[in-house]
Peer 1: 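Dropping a structure here in structure tokens format, bear with me for questions.
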Amino acid sequence: MMEKNFKAKKVEKRIYKLWEKSGYLKAKPNDKKEPFSIIMPPPNANGPLHIGHAVFVSLQDILIRYQRMLGKEVLWLPGFDHAGFETQVVFEKELAKEGKTRFDFDKETFRKMLLKFCQKHKKIAKKQLKVLGASCDWSKEKFTLQKSLVEKVYDTFITLFKDGLIYRGERIVNWCTFHGTSLSDLEVVYENRKGKLYYIKYPLKDSGFIEVATTRPETMLGDTAIAVNPEDERYKNLINKIAILPILNRELRIIQDKRVDKEFGTGAVKITPAHDPLDFEVALDHNLEKIKVIGEDGKMLETAGKEFAGLTTLECREKLLEILEKENLIDKIEDYNLKIGVCYKCKNPIEPILSKQWFIKMKPLAKEAIKVVKKKEIIFFPSYFKKIYFHWLNNIKDWNISRQIVWGIEMPIYECQNLKDKIEFPYFVSKKKPKNCPLCKKCNPKKIEDVFDTWFSSSQWPYITLGYPNSKDFKYFYPTSVMETGKDILFFWVARMIMMGFYITKKPPFKKVILHGMVRDKDKQKMSKSKGNVIDPLAVIKDFGADSLRFALIFSQDLGQDPVLSEEKIKSQRNFINKIWNASRFILTKEKLPQKISENDFKKIKLTKADKMILKELNRAIKFTTKYLDNFKFHLAAQYLRKSFWHIFCDLYIEKAKIQLKNKKLENNTKKILLFSLITYLKLLHPFLPFITEEIYQKLAIKNKKDFLMVENWPEPISF
RNA sequence: GGACGGUUAGCUCAGGGGAAGAGCGUCUCGUUUACACCGAGAAGGUCGCAGGUUCAAAUCCUGCACCGUCCACCA
């Protein structure tokens, strides 16, 4: 017996268990079938799923279920990410609530605590993916820290190392003084902040002054030159003259460099090689000394002068300005809007600091990654992301992959203790600690403390999770069919996967890239915890069911646009689901329904006008849904199906059918068509609304059906 | 400073050279073999602005405006 309303909560849980038990979620290489594979973007194992996860599950599950019904051998491989920096930040916040910090624990203890934390959240997230209806193969679940994967990550690193693509460089890096680590360029965000532009006079050795403008006076303590544009007439006669750095009295040569903008400030720039990326480059070209005056803790070093050592940069600035003022060396101070780089997590200003870090040379990798997309071996949906991708790769800089945090995969690099101060590069790579140091043959080499940027392991995700190079899964499912993820991680993840995947496996890691937007609230605001406008997917599911949420998420917007979600929208889709339920109830509660139904039945029987109308509509629905799904136009498919089912099938045909059922001659045929239509719609709707469609399918009392709708054949247009 | 999206009914958005569409909201009517989480019907839009191409433009082209996003070393 069917209840009056569809009880999503109860049914969905039961149905998922049935799917799991059925074994149909599992993928096995099968040469008789065409493969279709998606590697799931692994959720961070550091908190419950958010609405963004619901978006990717909706889209990917649609593709997976559609392809499964098309008869392909389908793999959707789930996994979870230890998410190094992200997780450490979340975890430290939790610790702070108990009044503790990471410094209260030794490294090993802290790591154990974090692992426990991840494992706890992995379990929760897994349960939640099931609640969302993700039809993935749990037998192949992966975790970024599992031994077998870490081994592969090391293999990749060692390959890159041997190929000369890894180097240890002293560069200006983005240093977060709050978190005590370097960050990649992508982990720095820029904010507009009010600041000042200080015009400071540096005395010339001979006589007179040269004036420079700076937003950060305290960095002047690290100045080692002054630069002007070669074409700047004002300074022609000062080239190669010597200026004196105030307070420290260091001699600074006035040099020419075309990177200097004549129009800005005074046209003369103080050069601080150890604390500014551009100055660093200038210094390299002109062979200038690099004096580090700010330390990793954000405080001034001894090199800044005794009176400043130990002060924070801001304290130093104030004291410095006071002195300069006294000495009459400040010409003027202007208000200035500056863009300041801040840590994307804590929003504290990033300190550009000269530091030794491990880098990957990106240019060679980027070249291939560009080529593979140009050759259309990888296709982007929507296609305009291709341009953004090219632009980034064409301007790519080397990637700093070493992090000075605790949580992450340790870098497999060792330092020879005998040679560490004697040779320039006392390092070697090794997956395991060797008994004998390969460099000096004597010492007990020390593993370096750094861990990998999490994205370094993530960049290898598709091929390492499939068991590159020898597993059956890798050979059968790689390159994967589709990579579907958020547009916000196009550079962080997608571009890097293409580079690494292609470099290591010589094949693109996936054939198609699908990018979705970021969910916004009904005022089009980004959802964030601090704004308090987040929609918790699990809470919504409790009220309206996973099907409603999934349909609402994909219904409105084209791919790549930011979906706008509100309770109203979810409710509206819940109503649609209830409509499906009730139309089914109307049909399935009829007595003496046909026991068997096939698409050939309608060639033989006499059809009324209404019968023909709905059969034609079914054919159209099949055609459009298939076309839209093949082109990743999920919203159009959903919109079409809703309209077709509700306003054509229910409002027109079922209403007509009520009359036809009263006519003894038409009664049986009408039942047949009602049932056939319903089954067809269930199949078409199943990728979008897996739970309710499966539940109704399970209630069908016909003989020629499969045990699950999930593995039914995708419908094709019929002739009648 | 560059690039990429968007601008269509009160609201949220589809559509994309040949008679302006949906959902929600509003109004009127309706207890009918499922569904009020429903049905029948109605009102409501010079498709951001200005040019151009075309027999025909919301749709293609050019420019502009506004909103949003990303990228970039102006000290």
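Labels below follow one simple rule: chain letters A, B, ... track the order of the sequence lines, proteins then strands, and each chain is numbered from 1. Note that this is a predicted model, so its numbers are computed, not measured.
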Peer 1: Base, sugar-phosphate or nothing for A/Asp651? Non-hydrogen atoms, less than 4.0 Å.
Peer 2: sugar-phosphate
Peer 1: Would you mind telling me which residue lines up with the more 5' stretch of RNA chain B, A/Tyr336 or A/Gly560, judged by nearest nucleotide?
Peer 2: A/Gly560
Peer 1: Please classify the nucleic acid contact of A/Arg642 as base, sugar-phosphate, or nothing, using heavy-atom distances under 4.0 Å.
Peer 2: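 Here A/Arg642 touches the backbone only, sparing every base.
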Peer 1: For A/Lys590, which contact category applies under a 4.0 Å heavy-atom criterion: base, sugar-phosphate, or nothing?
Peer 2: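 Counting heavy atoms under 4.0 Å across all strands, the contact made by A/Lys590 includes a base.
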Peer 1: Please verify the inter-ring angle class for A/Phe645 with A/Phe576; under 30° counts as parallel, over 60° as perpendicular, anything in between as tilted.
Peer 2: perpendicular
Peer 1: Does the Lys NZ or Arg CZ of A/Lys579 fall within the cation-pi geometry relative to A/Phe649 - under 6.0 Å from the ring centre and within 45° of the axis?
Peer 2: no
Peer 1: Using a cut-off of 4.0 Å on non-hydrogen atoms, how would the nucleic acid contact of A/His275 be classed: base, sugar-phosphate, or nothing?
Peer 2: nothing
Peer 1: Quick one: label A/Lys4 by what it contacts on the DNA or RNA (base, sugar-phosphate, nothing), any heavy atom closer than 4.0 Å.
Peer 2: sugar-phosphate
Peer 1: For A/Phe555, report the nucleic acid contact type (base, sugar-phosphate, nothing); a contact means any heavy atom under 4.0 Å.
Peer 2: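 The residue A/Phe555 makes no contact with any strand.
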Peer 1: Is the shortest side-chain N to carboxylate O distance from A/Asp285 to A/Arg259 below 4.0 Å?
Peer 2: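 Yes, charged N to carboxylate O under 4.0 Å.
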Peer 1: Identify the 5'-most and 3'-most nucleotides of RNA chain B with at least one atom closer than 4.0 Å to a non-hydrogen atom of chain A.
Peer 2: B/C4 to B/A75
Peer 1: State yes or no: are the ring centers of A/Phe385 and A/Tyr389 separated by less than 6.0 Å?
Peer 2: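 Centroid distance A/Phe385-A/Tyr389: not below 6.0 Å, so no.
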Peer 1: Name the residue closer to the 5' end of RNA chain B, choosing between A/Asn575 and A/Gln557 according to the nucleotide with the nearest heavy atom.
Peer 2: A/Gln557
Peer 1: Considering every strand and a 4.0 Å limit on heavy-atom distances, what is the contact class for A/Val212: base, sugar-phosphate, or nothing?
Peer 2: nothing
Peer 1: Quick check: closest heavy atoms across A/Arg520 and A/Asp562, and the distance to 0.1 Å?
Peer 2: NE-OD2, 2.6 Å
Peer 1: If you take all heavy atoms of A/Lys292 and A/Leu354, which pair is closest and at what distance?
Peer 2: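 The answer is NZ-O, 3.0 Å.
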Peer 1: Just call it for A/Asp488: base, sugar-phosphate, or nothing, with non-hydrogen atoms closer than 4.0 Å on any strand.
Peer 2: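 Here A/Asp488 touches no strand at all.
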Peer 1: Taking any heavy-atom pair under 4.0 Å as a contact, classify A/Lys387: base, sugar-phosphate, or nothing.
Peer 2: sugar-phosphate
Peer 1: Ring of A/Phe586, cation from A/Lys590 - is the NZ or CZ under 6.0 Å from the centre and inside 45° of the axis?
Peer 2: yes
Peer 1: For RNA chain B, what dot-bracket results from Watson-Crick or G-U pairs at under 3.5 Å, with [ ] for crossers and | for inter-strand partners?
Peer 2: (((((((..((((....[..)))).(((((.......))))).....(((((..]....))))))))))))....
Peer 1: On the six-membered ring of A/Tyr628, is A/Lys633 placed so that its NZ or CZ lies under 6.0 angstrom from the centre and within 45° of the ring axis?
Peer 2: no
Peer 1: Can you tell whether the side chains of A/Lys571 and A/Glu568 come within less than 4.0 Å, N to carboxylate O?
Peer 2: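 Salt bridge flag = no for A/Glu568 with A/Lys571.
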Peer 1: So what does A/Lys397 hit on the nucleic acid, given a heavy-atom distance under 4.0 Å: a base, only sugar-phosphate, or nothing?
Peer 2: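 A/Lys397: backbone/sugar contact only, no base atoms under 4.0 Å.
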